[in-house]
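Step one of this worksheet: look at the structure below.
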Amino acid sequence: MSKDPEKWFDVARGVGVGSSEDDRKDDSVIQGKITSIRDYVNKVKIRCTYNTAAEALGIKPAKFKKLLGDRKSENSWFVNAGAGEPVGYADNEKHADLYRTTRIITSAEVP
């Protein structure tokens, strides 16, 4: 089994644990944390549900989607839990390696 899930927990810890309520309300702080998560999923080339990323950040999924920004390949790793697809993305907006694995990060729980 790959070490990717273990590394995900490190990323989730880094963006969520120790965040104050004020940090969770500050979009610029959250934006930096979203960048950390996006960099990770792009590096390991694994999809992550919107809900999982939002939960790791302590925010609502709708806020996560809003702060994620434009539809572009590096953001397409964030997917709907049911379909495993990035919501509203055209094929040319999806990362070329999006389907290289069936694995999807579905939990923000940190052991």
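Small disclaimer: the values here were computed from a predicted structure and weren't measured. Any value given below was found using the heavy atoms of this structure, including those in side chains, with hydrogens, waters and symmetry copies removed.
- Expressed to the nearest 0.5 Å, how far NZ of Lys66 lies from CD1 of Ile34 amounts to 11.0 Å.
- Judged by distance alone, with hydrogens and angles left aside, the side-chain atoms of Asn42 form a donor-acceptor pair with the main-chain N or O of Arg38 at under 3.5 Å.
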Throw together a table of side-chain donor-acceptor distances under 3.5 angstrom for residues 53-61, partners on residues two or more places apart or in other chains.
none

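- The structure places CD1 of Ile30 at 6.0 Å from CG of Leu67, a figure rounded to the nearest 0.5 Å.
- Arg103 contributes atom CZ, which lies 12.0 Å from atom SG of Cys48 (distance to the nearest 0.5 angstrom).
- Transitive grouping of hydrophobic side chains (ILVMFWY, heavy atoms separated by less than 4.5 Å) keeps Tyr40 and Ile104 in distinct clusters.
- Relative orientation of the Trp77 and His95 rings is tilted, given thresholds of 30° and 60° on the angle between their planes.
- Within the 3.5 Å criterion, the main-chain N or O of Ala83 finds a donor-acceptor partner in the side chain of Asn80.
- Remark: Ile46 CD1 to Arg100 CZ distance equals 7.5 Å, nearest 0.5 Å.
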Just list the side-chain donor-acceptor pairs under 3.5 Å for residues 85-92, sequence neighbours left out, or say none.
unit_1 : atom_1 : unit_2 : atom_2 : d
Glu85  : OE1    : Lys94  : NZ     : 2.8
Glu85  : OE1    : Tyr99  : OH     : 2.6
Glu85  : OE2    : Tyr99  : OH     : 2.9

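- At a threshold of 4.5 Å between side-chain heavy atoms, the hydrophobic network of Ile, Leu, Val, Met, Phe, Trp and Tyr places Val44 and Val79 in two separate groups.
- No side-chain donor-acceptor contact under 3.5 Å links Asn51 to the backbone of Ala81.
- Here the closest heavy-atom approach between residue Arg47 and residue Thr101 is recorded as NH2-O, 2.9 Å.
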Step by step, work out the side chain to side chain contact (heavy atoms under 4.5 Å, CB included) result for Phe78 and Val41. CA-CA 8 Å; Phe78 297 102; Val41 295; 3.9 Å; yes
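- The CG atom of Leu68 sits 4.0 Å away from the CG atom of Asn75 when rounded to the nearest 0.5 Å.
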